[in-house]
Amino acid sequence: LDMHFHSVASDGKNTREELLEEWQKRGLQFLALTDHNRVSYDFREQAKSYGIESCQSVEISAYNQEHQKWVHILLYAQSISQEVSVILDRVIMSIPDLLSRQIQCLNEYWFSIQEDAFFLYCQQKGKTLKHLTRRDIAEYICLDSYNKNIATLLSGVWNIWEDEFYDIFLKTWSEYAIHIHDYNPTLEQCSIFQEKTQGILSLAHPNVTFRKGWVPEFERWLPYFVES
């Protein structure tokens, strides 16, 4: 059983086929593909061909207006309406605008990032605009010695690398991070999604990446998101 994983359609590293082959080898019986803001409409049929059961599912980038915080919500259902996808498509379409504003913000702190050059670099790596994240900015910045020096001056971290840059400069709580919540569904909208689909909602995690620290890191930041 695996109820939360991603493919290359969002920020995963493997195709659906690669994931299904691996899970088939491990003998998993049920999988729910939860790509970010992309409903897994045809995954159930695809999984069935590998002898694995599934449902329609998605990880939603939601926004809590009352507390001005971002959370990731998982939605599982037998059938998710196209209405949900239309709303989530707005989130995906906002990605270029978000990254553009993020680059502008970093440049105001003496970084030197040419927006066109960044998008061309990502394109040459085979990435489309709707699949980009702020981690791509972190990777691009750390290719340049000048930008790494600026990062060191601002953070005090010597010879900064991609994950460290992301943690310091681009995570939710960073003063250097730009967030656009206008496109994100609210928690109330997610509840409506659940009612209309007769599905199940689950908190995936706060909008925080725990690549280092794991459980202690999660415990450290969780109160910030659930203090109310």
Atom [atom1] in [X], atom [atom2] in [Y]: separation rounded to 0.5 Å?
X      : Y      : atom1 : atom2 : value
Ile60  : Thr34  : CD1   : OG1   : 11.0 Å
Asn64  : Cys190 : CG    : SG    : 10.5 Å
Arg38  : His131 : CZ    : NE2   : 4.5 Å
Ser191 : Leu201 : OG    : CG    : 6.0 Å
Asn149 : Leu154 : CG    : CG    : 11.0 Å
Ile168 : Ile160 : CD1   : CD1   : 4.0 Å

Describe, in one word, how the ring planes of His4 and His6 are oriented to each other, choosing from parallel (under 30°), tilted (30 to 60°) and perpendicular (over 60°).
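Plane angle over 60°, so perpendicular.
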Angle between ring planes, Tyr109 versus Tyr176, binned at 30° and 60°: parallel, tilted or perpendicular?
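Ring orientation of Tyr109 relative to Tyr176: perpendicular.
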Treat each ILVMFWY residue as a node, draw an edge where side-chain heavy atoms are under 4.5 Å apart, and state whether [X] and [Y] are in one component.
X      : Y      : answer
Val91  : Leu203 : no
Leu19  : Leu1   : no
Ile95  : Val86  : no
Leu106 : Ile150 : yes
Phe169 : Leu99  : yes

Can a donor-acceptor pair be found, under 3.5 Å and without considering hydrogens, that links the side chain of [X] to the backbone of [Y]?
X      : Y      : result
Asn37  : Asp89  : no
Arg101 : Ile178 : no
Arg90  : Leu88  : no
Thr186 : Tyr63  : no
Asp144 : Ile141 : no

What I'd like to find out is whether the side chain of Gln198 reaches to under 4.5 Å of the side chain of Gln78, using heavy atoms alone.
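Side chain of Gln198 against side chain of Gln78, heavy atoms only: no contact under 4.5 Å found.
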Close side-chain approach of Ile52 and Phe30, heavy atoms under 4.5 Å:
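With C-beta onward as the side chain, the pair stays apart.
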For a quick test of reading the model, state the closest non-hydrogen atom pair linking [X] to [Y] and the distance between them.
X      : Y      : result
Ala32  : Tyr76  : CB-CE2, 3.6 Å
Asn107 : Ile113 : OD1-N, 2.9 Å
Pro185 : Ser61  : CD-O, 3.3 Å
Glu59  : His72  : OE2-ND1, 2.8 Å
Leu75  : Gln194 : CD1-CA, 4.2 Å
Thr197 : Ser81  : CG2-N, 4.2 Å

Ring pair (Phe, Tyr, Trp, His ring centres under 6.0 Å) partner of Phe111, chosen from Tyr146, Tyr140, Phe118, Phe165
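So, applying the ring pair (Phe, Tyr, Trp, His ring centres under 6.0 Å) to Phe111 and each of Tyr146, Tyr140, Phe118, Phe165, only Phe165 qualifies.
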Go through it in stages, so that I can follow the logic: the residues are Ile137 and Ile103, the test is side chain to side chain contact (heavy atoms under 4.5 Å, CB included), and I'd like the CA-CA distance, side-chain angles, deciding distance and then a yes or no.
CA-CA 8 Å; Ile137 294 179; Ile103 289 172; 4.0 Å; yes
Of all residues at least two apart in sequence or in a different chain, which pass the side chain to side chain donor-acceptor pair (under 3.5 Å) check with Gln123?
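So Gln123 forms no side chain to side chain donor-acceptor pair (under 3.5 Å) with any residue.
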Assess whether atom [atom1] of [X] is packed by more than 12 heavy atoms of other residues, nucleotides or ligands within 6.0 Å.
X      : atom1 : value
Glu45  : CD    : yes
Ile200 : CD1   : no
Gln114 : CD    : no

Please determine, by modelled atom types, if Ser7 and Asp35 share a side-chain donor-acceptor pair under 3.5 angstrom.
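Looking only at side-chain atoms, Asp35 and Ser7 do form a donor-acceptor pair, the distance falling under 3.5 Å.
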Trace of the side chain to side chain contact (heavy atoms under 4.5 Å, CB included) decision for Ile73 with Val71
CA-CA 6 Å; Ile73 302 292; Val71 292; 4.0 Å; yes
Decide side-chain hydrogen bond (donor to acceptor under 3.5 Å, both in side chains) for Gln46 and Arg16; before the verdict, give the C-alpha distance in whole Å, the side-chain angles of both, and the deciding distance to 0.1 Å.
CA-CA 9 Å; Gln46 192 174 5; Arg16 290 181 172 192; 3.1 Å; yes
Glu139 and side-chain hydrogen bond (donor to acceptor under 3.5 Å, both in side chains): which partner among Trp161, Tyr121, Tyr166?
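With Glu139 as partner, Trp161, Tyr121, Tyr166 yield a single side-chain hydrogen bond (donor to acceptor under 3.5 Å, both in side chains), made by Tyr121.
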Between Phe43 and Leu20, is the side chain to side chain contact (heavy atoms under 4.5 Å, CB included) condition met? List the steps.
CA-CA 10 Å; Phe43 183 72; Leu20 285 166; 3.6 Å; yes
Can Phe5 and Asn14 be said to form a side chain to side chain contact (heavy atoms under 4.5 Å, CB included), step by step?
CA-CA 10 Å; Phe5 68 96; Asn14 300 100; over 6 Å; no
